[in-house]
Amino acid sequence: MRKILITNDIRRLAKEYADNLFADKRKDFIKPKKGLRDFADELRTHDNNDYADYVDAIINNYNEILCLEPNNFARYRAEHFSILSDEDLAKHVDGCPGSKKFYESIVDKMRYDVVQKEEIRPYMKKLGIKACVYCNASYTIATDDNKATFQVDHCYPKSKYPFLCTSFFNLQPSCMHCNQIKSNDDDYIYSMYADDQNKLDPFKFTIDSSSIIKYILNHDSDCLKFKLKSNENDENTATRHSNFFHLDGLYTQFTDAAEEVIWKGRIFDETYRKQLMNMFQKKFSFGMNDFKRFYLGFYPDSKDTNKRPLTLLMQGIAKDMGLE
């Protein structure tokens, strides 16, 4: 759930993706521009000219679209793709193959299937994201033909923004749980990118102090209660995010992880931490964050939140327990 700041390095990565997209495919592989041109021609033979013009707009702006940044998505749609409504995009019209809807045909012609399975994988790896950007509770990695694959979701739904279906900044690593929820309801938009350094950490977890007391008395981790909160003034944002992805119910399954942080908070007081550091600093010279990761058992720095599931939860509880 930690956002990525759009820097020039990230923009270069997006351009590298765009420049090398489908570069290693065989000569008989039908690339997007060719598939889209044929599709536009077929639509025009059936007098579906508005639909053909929509396709032409993708072709004419294709290279720019691949690197388009999130803060430009809505504006770009209004300027170049307002010719069709959401209802129009969801129709099957003459010229669409089989019984496919228009937006589904666009997604096929842009070869999202190959992007998802092959093209985007190395770039997700370079971003260093392994945990779902929506829930931070599960890995985004699945298996496909005995190979590790990244599951990706569209930030802006392909049903309403099909022209963005292979855009670098619209593809976000997600787990199966969150991907399924987004597939069923595309009204909620959460971009994992930010262009403001102060908006990289929109959420945090806090633990109810009274639940800690109950736990200490009965040693039942199920009584531990924690909540997703906003790091900004608007708590509605955190509530909506939590409700949309069912995080309250999901996170009740991870009370054992919270329990372990509480143990460390009660045992690893400042004196003990200093003793540990004095004992191991010569053997463990990678830096303070790595040393904290060693004795805490999770990534303590917010910049590493997306590297491992449940990191945001454990960071929040550690802060509440004074483990900093």
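For reference, positions follow the sequence shown, starting with 1.
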**Item:** Test item: Asn48 side-chain N/O and Asp94 main-chain N/O as donor-acceptor pair under 3.5 Å
**Value:** yes

**Item:** Arg37 and Asp41 ion-paired at < 4.0 Å
**Value:** no

**Item:** Result of checking Tyr190, Phe81, Tyr161 against Tyr156 for ring-ring contact (aromatic ring centres under 6.0 Å, His included)
**Value:** Tyr161

**Item:** Nearest atoms (heavy-atom pairs only) where Val152 meets Asn179
**Value:** O-ND2, 3.3 Å

**Item:** Qualifying side chain to side chain donor-acceptor pair (under 3.5 Å) pairs with a residue from residues 306-318, counting only residues at least two apart or across chains
**Value:** Asp304-Lys307, Thr305-Gln315

**Prompt:** Would you call the rings of His246 and His177 parallel, tilted or perpendicular if under 30° counts as parallel and over 60° as perpendicular?
**Reply:** perpendicular

**Request:** Would you mind checking if Glu119 and Lys25 are paired as a salt bridge, meaning a charged N to carboxylate O distance below 4.0 Å?
**Result:** yes

**Tyr76 vs Phe73, ring pair (Phe, Tyr, Trp, His ring centres under 6.0 Å): CA-CA, chis, key distance, verdict** = CA-CA 5 Å; Tyr76 209 82; Phe73 286 172; 8.9 Å; no

**Fill in**
Given the options Leu66, Ile6, Leu68, Leu164, Phe169 meets side chain to side chain contact (heavy atoms under 4.5 Å, CB included) only with Ile6

**Asked** Salt bridge or not for Glu235 and Lys227, using N-O below 4.0 Å?
**Response** no

**Asked** Among all residues two or more places apart in sequence or in another chain, which pass the side-chain hydrogen bond (donor to acceptor under 3.5 Å, both in side chains) test with Tyr139?
**Response** none

**Test: Glu232 and Lys199 ion pair at under 4.0 Å** = no

**Asked** For the residue pair Lys229 and Ala238, what are the closest heavy atoms and their distance?
**Response** C-CB, 3.6 Å

**Item:** Glu104 (side chain) donor-acceptor with Lys101 (main chain) under 3.5 angstrom
**Value:** yes

**Prompt:** Do NZ/NE/NH1/NH2 and the carboxylate oxygens of Asp88 and Lys91 come within less than 4.0 Å?
**Reply:** yes

**Prompt:** Parallel, tilted or perpendicular: which describes the rings of Tyr251 and Phe254, with under 30° parallel and over 60° perpendicular?
**Reply:** perpendicular

**Request:** Give me the ring orientation class for Tyr54 and Phe102: parallel if the planes are under 30° apart, tilted from 30 to 60°, perpendicular past 60°.
**Result:** perpendicular

**Request:** Output yes when Lys160 and Asp187 qualify as a salt bridge under the 4.0 Å nitrogen-oxygen rule, no when they do not.
**Result:** yes

**Request:** State which residues pass side-chain hydrogen bond (donor to acceptor under 3.5 Å, both in side chains) with Asp256; sequence neighbours excluded, sorted by chain then number.
**Result:** none

**Message:** Main chain of Leu296, side chain of Lys264: is a donor-acceptor contact present, judged purely on distance under 3.5 Å?
**Reply:** yes

